[in-house]
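These values consider heavy atoms only, across backbone and side chains, with no hydrogens, waters or symmetry-generated copies.
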Amino acid sequence: MLLLSLFPRRAYRHVRSPAGHHRNLPGHWLLGTDFSATSIVGIIALSGVVIRNSLLIIDFIEENLKQGMSLAQASRMAGAVRLRPMLLTTLAIVLGSAIMIPNPVFGGLAISLIFGTLAFTALTVFVVPILYERLARL
């Protein structure tokens, strides 16, 4: 726990954020579109969603720990509880952005949002609780 107190809590939210760039490129490649300036705007929008999801999982873990759960149980429970809202958010982003794909200006933004959200939802549910658990045990 000493390491967690030395490691700033706000640093956890950036765990998933910087890796977003290479997760969006396969989507552009699969759909045969160029990576554009609006694609970068999509990555910026995506980072807000990813950071929010990560922070909510961390808050749920800490709340579970305050209620007396073990670290392993608290992290698993947080991932399970946040899974449904994260899937609903992902579905809303994918369906809402899908109508923009044919647009020559905003297509890159939609592709970045769709493929990035799909990749990061899966990663955030599993990686953030595991990382929190591993860092807490150091």
Side-chain angles (χ1 to χ4, degrees):
M1 291 309 277
L2 177 64
L3 181 63
L4 284 178
S5 64
L6 296 175
F7 191 64
R9 182 169 175 235
R10 63 183 172 270
Y12 284 111
R13 66 181 164 191
H14 297 292
V15 168
R16 300 297 337 139
S17 181
H21 305 296
H22 70 279
R23 299 255 190 276
N24 292 311
L25 294 178
H28 286 82
W29 176 75
L30 284 173
L31 298 178
T33 59
D34 293 328
F35 192 79
S36 63
T38 56
S39 300
I40 296 170
V41 172
I43 290 173
I44 294 168
L46 173 66
S47 67
V49 173
V50 171
I51 290 171
R52 184 184 128 276
N53 285 338
S54 298
L55 284 175
L56 285 172
I57 287 181
I58 291 168
D59 284 341
F60 271 73
I61 293 171
E62 291 178 354
E63 196 62 37
N64 289 340
L65 289 172
K66 287 179 186 175
Q67 293 177 3
M69 289 185 187
S70 68
L71 181 60
Q73 185 181 12
S75 63
R76 287 185 187 102
M77 181 68 75
V81 168
R82 289 300 308 157
L83 179 62
R84 181 185 231 180
M86 288 173 62
L87 289 177
L88 290 173
T89 301
T90 299
L91 184 65
I93 291 171
V94 169
L95 294 178
S97 299
I99 61 171
M100 292 190 294
I101 289 176
N103 189 310
V105 175
F106 294 109
L109 182 139
I111 293 168
S112 291
L113 280 175
I114 290 170
F115 284 90
T117 302
L118 290 173
F120 279 115
T121 297
L123 289 175
T124 302
V125 169
F126 299 109
V127 172
V128 171
I130 291 170
L131 182 64
Y132 188 94
E133 191 175 333
R134 299 225 182 219
L135 287 174
R137 289 185 177 163
L138 290 179

- Item | Joint hydrophobic cluster, Val128 plus Phe60, side-chain heavy atoms closer than 4.5 Å | no

- Query: Is the shortest heavy-atom distance from the side chain of Ile93 to the side chain of Leu118 under 4.5 Å?
  - Reply: no

- Item | Verify same cluster id: Met77, Val125 (apolar side-chain graph, 4.5 Å) | no

- Could you state the interatomic distance from OG (Ser54) to CZ (Phe120), rounded to the nearest 0.5 Å? 9.0 Å

- Query: Could you give the distance from CD1 (Ile57) to CG (Leu131), rounded to the nearest 0.5 Å?
  - Reply: 11.5 Å

- Report the C-alpha distance between Arg137 and Glu133 in whole Å, list the side-chain angles of each, state the deciding distance to 0.1 Å, and finish with yes or no for salt bridge (charged side-chain N to carboxylate O under 4.0 Å, His left out). CA-CA 6 Å; Arg137 289 185 177 163; Glu133 191 175 333; 3.0 Å; yes

- Taking the side chain from Ser47 and the backbone from Ile44, do they hold a donor-acceptor pair closer than 3.5 Å? yes

- Query: Got a second to check how far Gln67's CD is from Glu62's CD, nearest 0.5 Å?
  - Reply: 12.5 Å

- Query: Do the side-chain N and O atoms of Thr90 and Thr117 include a donor-acceptor pair separated by under 3.5 angstrom?
  - Reply: no

- Item | Tyr132 with Ile130, same ILVMFWY side-chain cluster at under 4.5 Å | no

- Item | N/O donor-acceptor pair under 3.5 Å between Thr38 side chain and Val41 backbone | no

- Note on the structure: Scanning both residues in full, the closest heavy-atom pair of Ile61 with Ala78 reads CG1-CB, 3.4 Å

- Give a yes or no on whether the backbone of Ser39 and the side-chain of Ser112 come within a donor-acceptor separation of less than 3.5 Å. yes

- CD (Glu63) and CE (Met69) are apart, to the nearest 0.5 Å, by 10.0 Å

- Query: Does a side-chain heavy-atom distance below 4.5 Å link Ile101 with Phe106?
  - Reply: no

- Item | Other residues, nucleotides, ligands: >12 heavy atoms within 6.0 Å of Ile99 CD1 | no

- Message: Using only atom types and a distance under 3.5 Å, with no angle test, would you say the side chain of Asp34 pairs donor to acceptor with the backbone of Ser36?
- Response: no

- Tell me whether Leu113 is reachable from Val105 by hopping between hydrophobic residues (I, L, V, M, F, W, Y) whose side-chain heavy atoms are closer than 4.5 Å. yes

- Message: If you compare all heavy atoms of Ala72 against all heavy atoms of Ser75, which two are closest, and at what distance to 0.1 Å?
- Response: O-OG, 3.1 Å

- Note on the structure: Rounding to 0.5 Å, atoms CD (Gln73) and CG (Leu65) come to a distance of 10.0 Å

- Query: Is there a path of hydrophobic side-chain contacts, each under 4.5 Å between heavy atoms of I, L, V, M, F, W or Y residues, that connects Val127 with Leu56?
  - Reply: no

- When rounded to the nearest 0.5 Å, the distance separating CZ of Arg82 from OG1 of Thr124 is 11.0 Å

- Task: Without swapping roles, check the side chain of Ser97 against the backbone of Val94 for a donor-acceptor pair under 3.5 Å.
- Result: no

